[in-house]
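This report refers to the structure that appears directly beneath it.
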Amino acid sequence: MNFENLIYSVEEGIATITLNRPKALNALNSALLTELSTLIDSIANDSSVQAAIITGAGEKAFVAGADISEMHGKSPLEARGFSQFGNAIFRKIEQLPQPVIAAVNGFALGGGCELAMACDIRVASTNAKFGQPEVNLGIVAGFGGTQRLPRLVGPGIAKELLMTGDMITADRAAQIGLVNHVVAPEELLGKAKEIAAKMLSKAPFAVQFSKKLVNEGFNMDLDRALAMESEVFGTLFGTEDRLEGMTAFLEKRSANFKAK
Ligand code: CO8
């Protein structure tokens, strides 16, 4: 697939999506988001892609937010539509059956922080910076930040970030649970690939359903969520991979999973 604003490759089942507008610090404009939407749709139906990594081109930014020059002239109606457009794409990323890892290589501001939060796991380089600076522009976060940030870090810290617009370091982001790992810039993609490869070595249905249960359970009351977990737990007992996993343990050998 050819894109103007994305670089895409797949290696050993792991797709790498590089957002590629480095001169604008990979700011999200309509053209980039449209390409990203197309690519996510294709990944959702591509069994050769078992995990995906999203990162930014250049050394400075993951994504410095939605493109302010494009947003500048929008009417309230157009802005609402743009917010809905971005939210729909980020939701598709969140709901991909495959694991998605954000490799945050620099500024992750506004829509950039929101994109990282739509991924399952965030790995950051030591030079990454996170923030929701929308209040500096007279707007609120519009690609899910007011909802995913409190779910990840709790409402108190989320409100501080959303209401001050403060930028935080990668270490602080790790401290509050916004980021899973902080590594040197040259180790960033390697670490993301290592995590993806570890997930790929596990039973595929078990990995996929772990993601789905966490995602869906968050929006349910605990009793319904626990019932859903028991349902999936039982269903997985009917898979060949469950039998293989437990048999391999008892035979003291590595399991050979087949997604069956
Ligand atoms: N949009 C468009 N262009 C940008 C953006 C952006 N978000 N961020 C940086 N750029 C451009 C700059 O304009 C500049 O371009 P040029 O070289 O042509 O002047 C280039 O990238 C480099 O940027 P700087 O010169 O500013 O680099 P600095 O190192 O001095 O600063 C910063 C880096 C701190 C990241 C700074 O660029 C900055 O503050 N950027 C804006 C950050 C921001 O406010 N992000 C939030 C945007 S709003 C948002 O994301 C809302 C999402 C939901 C939208 C809902 C739809 C309505």
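Computed over heavy atoms, backbone and side chain alike; hydrogens, waters and symmetry mates excluded. One-based numbering, in listed order, for ligands and for the atoms of each.
In the candidate list Phe85, Phe143, Phe90, Phe143 is nearest to atom 55 (C) of ligand 1, counting heavy atoms. Counting only non-hydrogen atoms, the option in Gly111, Pro22, Ala64, Gly110 that gets closest to atom 45 (N) of ligand 1 is Ala64.
Heavy atoms of Asn136 found under 4.0 angstrom from ligand 1: none, in either backbone or side chain. Residue Met71 touches ligand 1 through its side chain alone, judged by heavy-atom distances below 4.0 Å. Residue Ala66 touches ligand 1 through backbone and side chain together, judged by heavy-atom distances below 4.0 Å. Using a 4.0 Å cut-off between heavy atoms, Pro133 contacts ligand 1 through its side chain alone, with no backbone atom that close.
Close approach to Glu114 involves these atoms of ligand 1, each under 4.0 Å from a residue heavy atom: 52 (C), 53 (C). Set against the non-hydrogen atoms of Gly142, the atoms of ligand 1 under 4.0 Å away are 53 (C), 55 (C). With ligand atoms numbered from 1 in the order given, ligand 1 contributes 44 (O), 47 (C), 48 (S) to contacts under 4.0 Å with heavy atoms of Leu137. Close contacts of ligand 1 with Lys23, meaning ligand atoms under 4.0 Å from a residue heavy atom, involve 20 (C), 21 (O).
Of all protein heavy atoms, the one closest to atom 37 (O) of ligand 1 is Leu25 CD1, 3.8 Å. Protein heavy atom in closest approach to atom 30 (O) of ligand 1: Lys60 NZ, 4.6 Å.
Below 3.5 Å of separation, one finds no N or O of Met167 facing any N or O of ligand 1.
For the residue pair Thr16/Glu11, the side-chain donor-acceptor check at 3.5 Å is not satisfied.
Remark: of the listed residues Ile43, Asp120, Leu115, Leu115 is the sole one forming a side chain to side chain contact (heavy atoms under 4.5 Å, CB included) with Ile93.
In this structure, Arg80 has no heavy atom closer than 4.0 Å to ligand 1. Heavy atoms of Ala79 approach ligand 1 to within less than 4.0 angstrom. The closest approach between Lys129 and ligand 1 stays at or above 4.0 Å for every heavy atom of the residue.
Distances from atom 6 (C) of ligand 1 to the protein include at least one heavy-atom value under 4.0 Å. Taking a distance limit of 4.0 Å, we find that atom 12 (C) of ligand 1 is approached by no protein heavy atom.
Under the 4.5 Å side-chain heavy-atom criterion for grouping Ile, Leu, Val, Met, Phe, Trp and Tyr, Leu162 is connected to Val63 within one hydrophobic cluster.
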